[in-house]
Amino acid sequence: MSAPLRENRVVGVLGGTGPLGLGLALRWTRAGETVMLGSRDGKRAQEAAEKLAARIRSENPEATPHICGAENAAVCAATTTLVLAVPFEGQAGLLKVLKPVIQLGSIVMDATVPLAASVGGRPTRILGVWQGSAAQQTAELLGPGVQVAAAFQNVSAEILASADPAHEQIDCDVIVCSDHPTASQVAMDLAERIPGVRAVDGGKLENARIVESITALLISINIRNKAHGAGIRVTNLPERTTR
Ligand SMILES: NC(=O)c1ccc[n+]([C@@H]2O[C@H](COP(=O)([O-])OP(=O)(O)OC[C@H]3O[C@@H](n4cnc5c(N)ncnc54)[C@H](OP(=O)(O)O)[C@@H]3O)[C@@H](O)[C@H]2O)c1
C-alpha cells in the first residue's frame, strides 16, 4: 500500500478491549499506526488504551504511542478504517446498533470466528452461519455502502500480546478475503504492519468460511499438542499474491 493512503489513517478496533483487539492494537501502535480502541463502555476503552500506551512507553521510553479509547459508536464516527473483534454471539447485535453511525465507504475488517463456544458449545466446532460465514453476515448487515474484508481470524491473541522476545515476530500468515480490492489492500497492509506476518490474498469474501474454520482447527491442534497460539503458513507462493 502506498504511503499516501496510510497517511492520517486511524485504525478503529470495535471490541478493542478483548484479547484479539488488544493484541492487534499493541502491534499496530508499536508500528506507528494511530489506533482507537472501541468498547460498549467508553471508559473501559480509555483505560485499556492508557494501559497499552503505558506498556509501549515502558518497552521504549522514546516511543510516542498514538492510541486512545472511546465507545464503539464514537470510533465509527471518527474513522472509516474499522476492525471488528467481537465474539460471534455479539456480532449481529452490535452491527445493528452501529450501522447508522458507520460511515458510507468504510472498510470493515472482520476477525469474527463463529465458534460454537460462543453459544456454550465446544471451542473446536464452527457454527453454521446462514450467510456462509461471520464475515458474510457482516457484509449483509452493513449493506453495499461498506466494504468488508475477512482477516486476522487465524492469528493468536496470546502471541500478539506476548512479552516473550521469541514472539516478537509472529509466525503466521493472515489470509484476507474480500470482494473489494481496496478493502483487501488495506487489510493486507495492516496485516504486514505486524512483524513476521505475511498477508495472503485469499480471494472472495465467500472464502472466509474456510478461513474461519481453520481457527477451530488451530484451537483443536493447540489442545492436542498442549500448545498456545498455533498459526498457519501457506507455502510455495511467489513474493506477493495479488488478484
Ligand atoms: N482470541 C483470539 O486468539 C482470537 C484469534 C483470532 C480470532 N478471534 C476472534 O476474534 C473475535 C474477538 O476475540 P476475543 O477473544 O478478543 O473476544 P472477546 O474477548 O470474547 O470479546 C472481545 C470484546 O468484544 C466485546 N463484546 C463482548 N461481548 C459482546 C457483545 N455481546 N456485544 C458487543 N460487544 C461484545 C467486549 O468488549 P466491551 O465489553 O468492552 O464492549 C470484549 O472485550 C472473536 O470472534 C474471536 O473468535 C479471536
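Whatever order the structure lists them in is the order used to number ligands and atoms, beginning at 1. Atoms considered below: every heavy atom in the structure, side chains included; atoms not considered: hydrogens, waters and symmetry mates. Keep in mind that what you see is a predicted model, and the values were worked out from it rather than measured.
Here the protein heavy atom with the shortest distance to atom 37 (O) of ligand 1 is T17 OG1, 2.9 Å. The nearest protein atom to atom 46 (C) of ligand 1, hydrogens excluded, is given as V113 N, 4.2 Å; this is a heavy-atom distance. Counting protein heavy atoms only, atom 16 (O) of ligand 1 is closest to L20 N, 3.0 Å. Closest to atom 15 (O) of ligand 1 among all protein heavy atoms lies P19 CD, 3.7 Å. In terms of protein heavy atoms, atom 9 (C) of ligand 1 is closest to A111 O, 3.3 Å. For atom 20 (O) of ligand 1, the closest heavy atom belonging to the protein is P87 CG, 3.7 Å. Of all protein heavy atoms, the one lying nearest to atom 22 (C) of ligand 1 is A85 O, 3.4 Å. Taking atom 27 (C) of ligand 1 as the reference point, the nearest protein heavy-atom neighbour is R40 NH2, 3.4 Å.
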Using distance only, find each side-chain donor-acceptor pair of residues 11-31 under 3.5 Å and give its atom names and separation, not counting sequence neighbours.
residue: R27; atom: NE; partner: L160; partner atom: O; Å: 2.8
residue: R27; atom: NH1; partner: E168; partner atom: O; Å: 2.6
residue: R27; atom: NH2; partner: I159; partner atom: O; Å: 3.2
residue: R27; atom: NH2; partner: L160; partner atom: O; Å: 3.2
residue: R27; atom: NH2; partner: H167; partner atom: O; Å: 2.8
residue: W28; atom: NE1; partner: L190; partner atom: O; Å: 2.8
residue: T29; atom: OG1; partner: A25; partner atom: O; Å: 2.6
residue: R30; atom: NE; partner: E59; partner atom: OE1; Å: 2.9
residue: R30; atom: NH2; partner: E59; partner atom: OE1; Å: 3.4
residue: R30; atom: NH2; partner: E59; partner atom: OE2; Å: 2.8

What pairs of donor and acceptor atoms, side-chain ones from residues 128-135 against any protein atom, are under 3.5 angstrom apart with sequence neighbours left out?
residue: Q131; atom: NE2; partner: E140; partner atom: OE2; Å: 3.1
residue: S133; atom: OG; partner: Q136; partner atom: N; Å: 3.1
residue: S133; atom: OG; partner: Q136; partner atom: OE1; Å: 2.9

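No N or O atom of G21 sits closer than 3.5 Å to an N or O atom of ligand 1. Considering backbone and side-chain N/O atoms, R44 comes within less than 3.5 Å of an N/O atom of ligand 1. Ligand 1 has no nitrogen or oxygen under 3.5 angstrom from a nitrogen or oxygen of L115. Taking only nitrogen or oxygen atoms, main chain and side chain alike, E89 does not reach within less than 3.5 Å of ligand 1. Looking at ligand 1, you'll find an N or O of A157 within less than 3.5 Å of one of its N or O atoms. Polar contact with ligand 1: absent for N154 (N/O pair, distance under 3.5 Å).
Within the 4.5 Å cutoff, the side chain of I56 has no heavy atoms near those of the N60 side chain. You'll find the side chain of V86 reaches within 4.5 Å of the side chain of L84, heavy atoms only. Contact of the R198 side chain with the L237 side chain is registered, since non-hydrogen atoms from C-beta on lie closer than 4.5 Å. The shortest distance between side-chain heavy atoms of L115 and I126 falls below 4.5 Å. Looking at I214 and Q153, their side chains never come closer than 4.5 Å, going by heavy atoms from C-beta outward.
When heavy-atom distances to ligand 1 are checked against a 4.0 Å cut-off, Q153 comes that close only through its backbone atoms N, CA, C and O. Residue-level proximity to ligand 1 for V155 is carried by the backbone, the only part with a heavy atom below 4.0 angstrom.
Compare V86, L95, V97, D110 by their heavy atoms: the one nearest to atom 44 (C) of ligand 1 is in V86.
A donor-acceptor contact closer than 3.5 angstrom is absent between the side chains of S39 and D41.
Close approach of ligand 1 to G90 (heavy-atom distance below 4.0 Å) involves ligand atoms 30 (C), 31 (N), 32 (N).
Other residues, nucleotides and ligands contribute at most 12 non-hydrogen atoms within 6.0 Å of the CZ atom of R224.
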> Can you check side-chain hydrogen bond (donor to acceptor under 3.5 Å, both in side chains) on S178 and Q147, steps first, answer last?
Replying inline: CA-CA 8 Å; S178 179; Q147 300 186 13; over 6 Å; no

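With respect to the salt-bridge test (charged N to carboxylate O, under 4.0 angstrom), the residues K51 and E47 do not qualify.
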